Structure formats: structure tokens, C-alpha cells
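All heavy atoms count here, side chains included; hydrogens, waters and symmetry mates do not. From a predicted model like this one, the values you see are computed outputs, not experimental measurements.
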Amino acid sequence: MRLAPGLFLVLLLLLAAAPARAAEVDGSFGSGGSVTLRSLGPDVLARAVAVQPDGRIVAATDNGGGLTVLRFTSRGRLDRSFGTRGHVTVAVPGAFAAAARDVAVFRDGRIIVAGFADTSGAGTRRLAVARLLPGGDLDPSFGTDGVAVVGPEGSDVEAIALGSEGEVVLAGSIARGPRTAVLVMRLLADATPDPGFGSGRVVTSDSVRLAGRARDVLVLPGGAVALAASTEPDVSARGTFIAARLTAAGAFDTSFNVDGVVRVLTTRRRLTGGGAAAIVPGPGGRLVLAGTVRAAHTVDQAVVLRLTGSGGLDRSFGRRGSVQLTAPHRGSLRLGALARGHGGSLVAGGSARGSAAVLRVSGRGHGARLSLLALGHPPGGRRRASLIDALAIARDGRILTGGGVTGRRNVFPTLARLLAH
């Protein structure tokens, strides 16, 4: 029997969106494929994850009180040679509160962690950055005894990226009355704000009239910088994906859609906390973005799209430039992380129907496959929901995820590893 084309497409989407088989989770990692950190307290997420060249895994959590970094062996056990039994919490001098947002690893094993610090006691934030030696001690050649607080008051960081000469690019936002503007800074290897980047060592999006925040950042060949931006978490907006590109000197790149900013309207329906959340490089200078928009019937829809080097929508990718997918049975699907795997394949992570969600597509946007995963082991054993907030790809192609699991009342940070297939 030959199926009608429309019915065949529906069946393909249902099969692609089927819940993950147990074989997709790497059972050799942690406990049955995941690790849940209960000692850090409740309502904490693993906000970032990175893989060292030797296979060890570094994660950052937002438990507050400092910039917290953990390191695990390749088997998912806390690496007791790092810090204090696998943990390091960097106290930011003079800060009333601080928490980590992102982490990155240098080739020599040093670790950069960045987050926010409230140095006023009134909730006014600045950017806090620390560099650790491979064993977890603070690197005295960075900032003041390993720590630097930079940026103007009212600034916040969401993502970091490393340059080829040890520079650190920080991306986030800065307060502008009731709204925010995008903020980018570049630090030299000793944590000094780079005087050759932007105006007054800071780049903001005021000149291009872009409100919102940078969600993710890349350092491109030659030192250029690319961003994925969206509105603030509590602002409702149409489904517009925003990318920006800066020159190595910190100017908005006029060869990228004239003013350096691309806005791709995917839907006119409004959504709070939607838009582009992650960015990775594509082939030939292209850029790939992932995030969330509002589809019909108040359902959230995952979107992965690709831009050309000049900022146009790359219509050779997916279906006319994008891949759009909802969860099975008209369920909402949200994406918050994106990684580029071997051969240019793409892996995105988020949440759907109370489960952690992993979306895999080819480098050309074909063969979309959605897996729904029950990750993590909360206290008491009752898992209500799982989510993925960060992704990293190991050298062998296995996928590391960071996020959280919800128990009866609280969220606990969770890491997991998936097989490469």
C-alpha cells in the first residue's frame, strides 16, 4: 500500500519525535548515563559544560555565593584532583552575591569561568571572570589573584568565547532604563579590558537600536565576533531571530546586512523568553542559530536556521533556510543550546513535555530526529521534569549535556552523556 504524501510526512515526523530509546544514553557515565548534584542545594542548574582534550568534563553551576566550577572524570565521577574533591567556588572580592553563567577550557587545561557579581548590595550587577589553573587553583597572572570584575554597573553576562591569543570575549546585556541593550567586552590574556575593542573598551547595541541581550557568542577567524541575541526573559516579542557580527575592532560589521544585525521574522505570534538562544559556525562563513518561537495553538516551536556570510537566510538549509519542529501530539518544544558535531552535523538541546529534548539534524538541515529523555535522579527518586541548558561534543562524538532535573519541589543540576549515533 502506498501512503499519501501528506500522511507519509506526518508518520516521519512522529517517528522522528519518538521518545529516546535507552540505548541513546551512555550508561557508562555516572549513574545510568547521568549525574545529579544534590550537595549544591536546590534550584540550581548546570548552566555550562565543556570537555577537556583528555576527556575530563568541566561544568559551571549557578548556585550563588561565587563562581562554581566542577570537574568530572570521563566516567562521570567527580575528579578529586581538582579543587576540593572536584569543586571550586571562587569568591568574588567585594561582592554581595555572584553566580556563574558560562565556562570554557584552554588547550593547556586552564579554565575560564564567567558570571555576574553584585558589588553594590542593591542588586546592581557587573561582570565577574576567574581563571583557574588545571588543578583548580586561581591563576595569579589573571586579574587580581585570578579574578577580575569588569564592565559598567548594570551589566550582565550570559556567554563567553575564547580567542586565539588567550583573549576572553564576554557577551550579555547592560541596563537601559526598564530595558537592556546588548553588551560585548573583550579581555586580554591578563584580564585587562582590550582598549582596541569598541568605544571605551565596551560595545553596546545602542548605535544599531537593538534592545535585548546576547545569549551566545562566537569568536570567528581573524578575531571577528558573532552573537545570537533575543529579548529580555520577561519581554513578549514576535518570533524574530537576531544575529549580529562585529569586526575584530568591535564595530558592527557593515558587510553583514548593512548595519551588522540580521533580524529573521519566523512568526508574528508573540512569546515571552523566545528568540535565538544559541549560535555555532557553519561552513564557508555561515552562521547557524537555534531557539524558540510561538507556533499555532499556543505551542512553542523549536527553530534552527542558517545565515549566509552576508546575513541572508541560507535557503539551501533545511526547508527554505530553517528546520522547525514541535514535540509529539502538538506539544511545546524549546531549545536553549546548540553544538556542531563531527562532519558538520548539528545537535540542539532543550525541553519538551517535561523531558529533556535533543534535536539532531544533518549539516544541511535534513533528517531531523527528536529524542525526549528522562535525565537525572532527584532526591526521593521522583522525577517531574528534565531540561538541557548546555551542550558540548567530545572528540569521540559523544554528547555531554548540562541542565537540571525537577523533583517534588526543587530543581537540581544534572549532567548526562549521550552516545554519538
Could you check if a side-chain atom of [X] sits within less than 4.5 angstrom of a side-chain atom of [Y], using non-hydrogen atoms only?
X	Y	answer
L418	F29	no
I111	V103	yes
T240	V264	no
D137	L132	no
L45	P413	no
V150	T192	no
F412	P379	yes
V69	H87	no

Exam field: side chain [X] to backbone [Y], donor-acceptor pair closer than 3.5 Å:
X	Y	value
S322	L305	no
S351	S355	no
R213	A229	no
T68	A60	no
H377	S31	yes
R238	T266	no
R75	G30	no
T406	N410	no
R270	S236	yes
R47	G403	no

Original post:
If you look only at pairs with a residue in residues 200-210, which of them pass as a salt bridge (Lys or Arg N to Asp or Glu O under 4.0 Å), with sequence neighbours excluded?
Top reply: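 Passing the test, one end in residues 200-210: R176-D206.
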For [X], give me all partners under salt bridge (Lys or Arg N to Asp or Glu O under 4.0 Å), at least two apart in sequence or on another chain.
X	answer
E232	R179
R71	D79
D102	none
D145	none

Taking atom types as modelled, is there a side-chain donor on [X] or [Y] under 3.5 Å from an acceptor on the other?
X	Y	value
D118	S120	yes
R131	S141	yes
R215	S230	yes
T36	T414	yes
T292	D300	no

Heavy-atom pair of closest approach, residues [X] and [Y]:
X	Y	value
V113	A100	CG2-CB, 3.7 Å
D259	F252	O-CB, 3.4 Å
L370	A327	CD2-CA, 4.2 Å
G151	S155	C-OG, 3.9 Å
A356	I388	CB-CG1, 3.7 Å
R186	G196	NH2-O, 4.2 Å

Atom pair [atom1] ([X]) and [atom2] ([Y]), whose distance is rounded to the nearest 0.5 Å:
X	Y	atom1	atom2	result
R364	F317	CZ	CZ	10.0 Å
E165	D194	CD	CG	12.0 Å
L138	T144	CG	OG1	11.0 Å
L220	T247	CG	OG1	11.5 Å
R353	L372	CZ	CG	8.0 Å
L387	T401	CG	OG1	9.5 Å

Considering only distance and modelled atom types, tabulate donor-acceptor pairs under 3.5 Å from the side chains of residues 337-349, sequence neighbours left out.
unit_1 : atom_1 : unit_2 : atom_2 : d
R340   : NH1    : P281   : O      : 3.1
H342   : NE2    : A394   : O      : 3.4
H342   : NE2    : R395   : O      : 2.9
H342   : NE2    : G397   : N      : 3.2
S345   : OG     : H342   : O      : 3.2

**OP:** Before accepting this row, confirm whether a basic side-chain N of the pair E24/R417 lies closer than 4.0 Å to the acidic partner's carboxylate O.
**Re:**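 Between R417 and E24 there is no salt bridge, as every charged N stays at least 4.0 Å from the carboxylate O atoms.
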Original post:
Using 4.0 Å as the upper bound for N to carboxylate O, is an ion pair formed by D156 and R126?
Top reply: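 Result for this pair is no, no salt bridge flagged.
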Subject >> Sole residue of D216, I279, I242 in side chain to side chain contact (heavy atoms under 4.5 Å, CB included) with L289 >> reply: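 The residue from D216, I279, I242 that satisfies side chain to side chain contact (heavy atoms under 4.5 Å, CB included) with L289 turns out to be I279.
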Original post:
Would one find more than 12 heavy atoms of other residues, nucleotides or ligands at under 6.0 Å from atom CZ of R38?
Top reply: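 Yes, the 6.0 Å shell around CZ holds more than 12 heavy atoms from other groups.
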Original post:
Checking side-chain contact (heavy atoms from CB on, under 4.5 Å) for the pair V49/I57: CA distance, chi angles, key distance, verdict?
Top reply: CA-CA 7 Å; V49 62; I57 300 141; 3.6 Å; yes
Original post:
Just checking, R125 and F116: is the charged tip under 6.0 Å from the six-membered ring centre and within 45° of the axis?
Top reply: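 The answer is yes, since R125 meets both limits relative to F116.
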